[in-house]
Amino acid sequence: MNKHLINNIANKSISPKYLPNKEKYGEEYGGYRNKTEKIIFNKFAATSNDVSFIYNNTKYYIYKRDNIVKVYNANIKEVIKEYLNETEFIEDFSINGIPFIEVMDEISDANAYIDVFTPHLALDKEGFPYNCKYPPNKEKFGDLYDGYKNKAEGVLFYDFGIQGYDVSFKYKGKDYYLLTEPDHVAVCDEHFTEEYESYEDAMTLIENFKIDGKPLIELTAEIEEIEPE
């Protein structure tokens, strides 16, 4: 087990150095002060999701490959720093001489991804990741579901497929749960601990996981109460 992680009561990895405090900060961001802290301290430090954020008009991607954390400056399109682990990045990375942990409150648009360089992920003209295999179409479908025709497509193709969120949904009165891990995704139990079916990535699951003999991708119009977790 990674020495920088412990498991909480739901058997989900968390960083012991950056623990959530739901009594102080509530449930909105999982016990962290804001979305940025949740993304950095949980999605990145605990589960090794790729992350992106903007600071001083510069977009950064932070990702882990071959057990090395890499800092990618999207403005100049190159890796500018490397670290041995997520904690070392948080504590040692600085921007213009200011420690990263001191500028986190000024970070905007922090997001998490399973793999920022996955084949179904591309960057739009502003440098924001989107699902290029199942792209949104705001001209046709508007902004309500981020350019998708219904909420289920928006959650599956973007929140699950690009941002790497776990997902719960209901279909014909039955609850289903989708788990994202650094190296795979799975259909799982309500506690997100027991895996029933495993797939290499979110798009493979969406295209191949079947309910009543039909793949999930064909059932989006019938899905009920879908939410990213």
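When each of Phe157, Tyr158, Tyr134 is checked for a ring pair (Phe, Tyr, Trp, His ring centres under 6.0 Å) with Tyr148, only Phe157 meets the rule. If you run side chain to side chain contact (heavy atoms under 4.5 Å, CB included) between Phe41 and each of Leu19, Ile90, Thr36, only Ile90 comes through.
Between the side chains of Ser52 and Asn111, no donor-acceptor pair is found at a separation under 3.5 Å. Using a 3.5 Å distance cut-off with no hydrogens or angles, the side chains of Glu229 and Ser168 do pair a donor with an acceptor.
Between Tyr165 and Phe160, the distance from one ring center to the other does not fall under 6.0 angstrom. No close placement of the Phe169 and Tyr177 rings is indicated, their centers lying 6.0 Å or farther apart.
Between Lys151 and Asp159 no salt bridge is recorded (no basic side-chain N to carboxylate O distance below 4.0 Å). A salt bridge does not link Lys81 to Asp92: none of the charged side-chain nitrogens sits closer than 4.0 Å to a carboxylate oxygen. Salt bridge Asp212/Lys172: present, at least one basic N to carboxylate O contact under 4.0 Å. Ion pairing between a basic and an acidic side chain is recognised when a charged N comes within 4.0 Å of a carboxylate O; Glu222 and Lys170 show no such pairing.
The aromatic rings of Phe100 and Phe53 sit tilted relative to each other, their planes meeting at an angle between 30° and 60°. Classification of the Phe93-Tyr60 ring pair by plane angle, with boundaries at 30° and 60°, yields perpendicular.
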* To do: Using the salt bridge (charged side-chain N to carboxylate O under 4.0 Å, His left out) rule, take Lys59 and Asp109 through it: C-alpha gap first, then chi angles, then the decisive distance, then the call.
  => CA-CA 9 Å; Lys59 187 156 188 117; Asp109 200 54; 3.7 Å; yes

* Step by step, would you call Glu181 with Leu179 a side-chain contact (heavy atoms from CB on, under 4.5 Å)? -> CA-CA 7 Å; Glu181 294 287 9; Leu179 170 71; 3.7 Å; yes

* Run the side-chain contact (heavy atoms from CB on, under 4.5 Å) check on Asn34 and Tyr25 step by step: do they pass? -> CA-CA 9 Å; Asn34 50 45; Tyr25 299 120; over 6 Å; no

* In sequence, state the C-alpha distance, the side-chain angles, and the governing distance for Asp201 and Lys133, and then conclude on salt bridge (charged side-chain N to carboxylate O under 4.0 Å, His left out). => CA-CA 13 Å; Asp201 59 48; Lys133 188 169 187 180; over 6 Å; no

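Atom CD of Glu139 sits in a sparse spot, with 12 or fewer heavy atoms from other residues, nucleotides or ligands closer than 6.0 Å.
The stretch residues 21-37 participates, sequence neighbours left out, in these salt bridge (Lys or Arg N to Asp or Glu O under 4.0 Å) pairs: Lys22-Glu27, Arg33-Glu37, Arg33-Asp105.
Under a hydrophobic-cluster definition in which Ile, Leu, Val, Met, Phe, Trp and Tyr are linked whenever side-chain heavy atoms come within less than 4.5 Å, directly or via other members, Ile68 and Ile62 are assigned to different clusters.
Between Lys70 and Lys64 the shortest side-chain heavy-atom distance does not fall below 4.5 Å. Leu84 places none of its side-chain heavy atoms less than 4.5 Å from the side chain of Phe89.
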